[in-house]
Amino acid sequence: MMRIPKLIRSSTSEDRSNNNVVVMSSSDLPLAWTRFFVFVFFSSLSVGSSSASVSQPHSNNNTSRLHVSTRTKMDSKNTTECSEKLKESALLRSAFKLFDSNFFSERKVLEIAQGATAFNIPIIKANRKLVASKNGGLHNPSVLIFDSDWDREQAQGMSKRFIYPSLLNVRRPKNEEHIAFMSVLELGTLIKTKQITSQELTRIFLRRLKRYNPVLKAVVTYTEELAYKQAKEADELLAQGKYLGPLHGIPYGLKDIVAVPQYKTTWGSTTFKNQVLNIEAWVYKRLKSAGAVLVAKLVTGSLAYDDIWFGGRTRNPWNIEEFSTGSSAGPAACTSAGMIPFAIGSESAGSITYPASRCGVTALRPTFGTVGRTGVMSIAESLDKLGPFCRSAADCAIVLDAIRGKDPDDLSSKDIPFGDPFSVDITKLTVGYLEDAEMEVVKVLAAKGVNMVPFKLNYTVDSVQGILNFTMDVEMLAHFDEWQRSGQDDVYEAQEQWPLELHRSRVILAVDYVQAQRARGKLIREVKESFIVDAFIGNATDWEKVCLGNLVGLPVIVVPTGLKNISNPPSSGTRRRTTINTGIYAPPNHDHIALALSMAYQSVTVHHKQRPPIDDLGPNDTPVLIPPRRLHL
């Protein structure tokens, strides 16, 4: 703190009566001193002017008094006008410091203000009226398109569908709990061989969703009527001999930023919790055409930020005393707890990798542009990606195959000619491992014949995290401009999250956003040059790698690799656990390489098959009310 003379700002009546000095914070000092010097400057002008008037000869007292009076009034008027101009200039110069642009002279600052008022603001208002009256970025996408391809020629052409393995000797378990934790491939085999119907599966998973949701707070809306309608259609098609593929009749959930007609799409936000968008999202269309059955809209953190939403906070099934983290909280928790076979989440900066890692599930953040985003709330058009949460890497491949492809209304989406992950010869791959890689994965893949080498991703750009923040926050604000201007951010669930970040992004200049994208381009070139392996293994939640991967558009699959005791467990023990995992990263458009390596690892390990203890808590764990089992919904 620092004390400044009272004349710096308008004093209060209490200040004047007590003749106090006014204490100001250090953040007020530049403006305060500016005003102080303006006051001193004009005080000296007034004194000089008065002295000059007094020193004139007095040939005629009346005339002299008239001249003095006129000059005094004119001087006072000129002084006032000049004072106001200088004050305006000083205030503007102080504001320019927020943009790191306080190098302009007073004259230029005033010219800028005049030009912005006359020219810029009318255009800004006209554009805002045209495209920014609705929140969420569902309409009027930017024509500035990010392309993550490293090899433009290689990325051309249509890709072929994957060839799935056939499972033999799959039998229906007698226990519903065992059914709930079967893989998509296994459940698909049960349906195809008519050992179970889609309607039966739908009933099982809706029952589990309703049983565990009071604990986990992972479901926003049950789409029960739609689910039974789609399940019945799947069963009827199969009875007619029409089988749509491995997702035929399989229940699933969607993160609640994905629009489905006639159901609420809340974006996890108090402001939008009653919103119904009669839009059929592209990813929903793809899954519907594959025969999948939507059973629930799952929790997204409010406006896709972390795990806090208008209904509370989503918990981790492996440790119900902690939260799931990441905005794809519902997809991760529900998949982990066997409440659904798979789910669709999204990521701009960690919203797939973090909750998948915390909740111990296999999840894929695909190459940017792999999955169309029409009908999905947008954070950042150059960062947003949709991806699957599953029980295994093979399931991720199956779901990815169903949802990938060119979305005609999403300019960033494309047909990527992926190789078939089920046909990759991993013995021909060279895979790097970082210092933070899980060495068990390295050893298993080496034993499977993969050439494993130490690796380091080299780049000189030292502002990776800042580039991501600038990119994400500016693009997010463009999609929620009206939300901020109308003051709706005041009721946001966590004020230190989007409200704080978007206040800050309001003063990021267009030129600085473009400079950030140029720095992003430099980063991409350096990562491409350094990426001399077919894939690499490293920590999936290291923030630098999360930022880098999203800026560059790298695919990564999160793979469970084990469990460990929670921190500070009760002395008598607990069944709660902390999950261990790793990430397998590949170059853009090479998702099939990461998937193939993950499938190879999971073919000889069982970490991805472990079940969280939400039904079997220890005596010292926090008591949680779980509704009793019911035979009927």
Side-chain angles (χ1 to χ4, degrees), residues 181 183-185 218 252-255 257-258 283 287 298-301 304 306-307 314 316-318 324-368 370-371 384-404 421 438 441 535 537-542 545-546 549-550 554-562 579-586 591-599 601-602 605 607-610 612:
F181 282 94
S183 71
V184 165
L185 269 177
Y252 75 100
L254 287 173
K255 182 176 179 178
I257 61 171
V258 180
V283 68
L287 289 166
L298 307 178
V299 164
T300 171
D306 206 36
D307 54 19
T314 304
N316 171 18
W318 277 103
S324 61
T325 80
S327 69
S328 297
C334 288
T335 305
S336 173
M339 295 157 71
I340 45 173
F342 77 93
I344 301 298
S346 70
E347 172 159 328
S348 307
S351 289
I352 288 177
T353 52
Y354 276 104
S357 299
R358 175 65 65 85
C359 296
V361 297
T362 306
L364 174 69
R365 182 189 75 205
T367 295
F368 178 84
T370 299
V371 184
D384 297 344
K385 296 161 287 293
L386 298 171
F389 289 77
C390 300
R391 307 229 183 288
S392 68
D395 285 0
C396 284
I398 289 168
V399 176
L400 178 70
D401 199 31
I403 63 178
R404 66 192 175 102
E438 281 295 319
V441 181
I537 300 172
N539 190 300
T541 57
D542 173 72
K545 281 194 277 293
V546 168
N550 280 286
L554 300 180
V556 62
I557 185 165
V558 178
V559 182
T561 59
T579 59
I580 307 171
N581 55 78
T582 199
I584 301 179
Y585 298 77
D591 305 46
H592 59 291
I593 300 297
L595 286 165
L597 291 166
S598 304
M599 287 190 285
Y601 171 74
Q602 291 183 340
T605 58
H607 301 304
H608 62 293
K609 296 182 179 181
Q610 302 305 306

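Just so it is clear, the structure is predicted and the values come from calculations on it, not from any experiment.
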Any sub-3.5 Å donor-acceptor pair from [X]'s side-chain atoms to [Y]'s backbone N or O?
{"X": "Gln602", "Y": "Ser392", "answer": "no"}
{"X": "Ser328", "Y": "Ser346", "answer": "yes"}
{"X": "Asp401", "Y": "Ala397", "answer": "no"}
{"X": "Glu347", "Y": "Gly387", "answer": "no"}
{"X": "Ser336", "Y": "Val361", "answer": "no"}
{"X": "Arg391", "Y": "Phe342", "answer": "no"}

Taking every non-hydrogen atom, the tightest pair across [X] and [Y]:
{"X": "Pro388", "Y": "Ile344", "result": "CA-CD1, 4.3 Å"}
{"X": "Val546", "Y": "Ala540", "result": "CG2-O, 3.7 Å"}
{"X": "Pro317", "Y": "Cys359", "result": "CD-SG, 3.9 Å"}
{"X": "Cys390", "Y": "Val399", "result": "SG-CG2, 4.0 Å"}
{"X": "Thr367", "Y": "Lys385", "result": "C-CD, 4.5 Å"}
{"X": "Thr353", "Y": "Thr541", "result": "O-CG2, 3.9 Å"}

Could you tell me if the side chain of [Y] sits less than 4.5 Å from the side chain of [X], heavy atoms only?
{"X": "Thr362", "Y": "Pro560", "result": "yes"}
{"X": "Leu554", "Y": "Arg365", "result": "yes"}
{"X": "Ser351", "Y": "Lys255", "result": "yes"}
{"X": "Val283", "Y": "Val258", "result": "yes"}
{"X": "Tyr354", "Y": "Asp306", "result": "no"}
{"X": "Met599", "Y": "Pro421", "result": "yes"}
{"X": "Thr605", "Y": "Thr561", "result": "no"}
{"X": "Leu595", "Y": "Leu400", "result": "yes"}

TODO: Using the test side chain to side chain donor-acceptor pair (under 3.5 Å), find all partners of Asn581 that sit at least two apart in sequence or belong to another chain.
DONE: Ser357

Task: Among Ile340, Leu287, Val184, side chain to side chain contact (heavy atoms under 4.5 Å, CB included) partner for Tyr252 - done: Leu287

Can you measure from [atom1] ([X]) to [atom2] ([Y]) and round to the nearest 0.5 angstrom?
{"X": "Leu298", "Y": "Met339", "atom1": "CG", "atom2": "CE", "result": "8.0 Å"}
{"X": "Gln610", "Y": "Phe181", "atom1": "CD", "atom2": "CZ", "result": "10.5 Å"}
{"X": "Ser598", "Y": "Leu364", "atom1": "OG", "atom2": "CG", "result": "8.5 Å"}
{"X": "Ile403", "Y": "Ile398", "atom1": "CD1", "atom2": "CD1", "result": "12.5 Å"}

Open item on the list: Does Phe389 form a side-chain contact (heavy atoms from CB on, under 4.5 Å) with Ile352? I'd like the steps, not just the answer.
Closed with: CA-CA 8 Å; Phe389 289 77; Ile352 288 177; 4.0 Å; yes

Open item on the list: Under a 3.5 Å cutoff, is there a donor and acceptor pairing between the side chains of Asp307 and Thr314?
Closed with: no

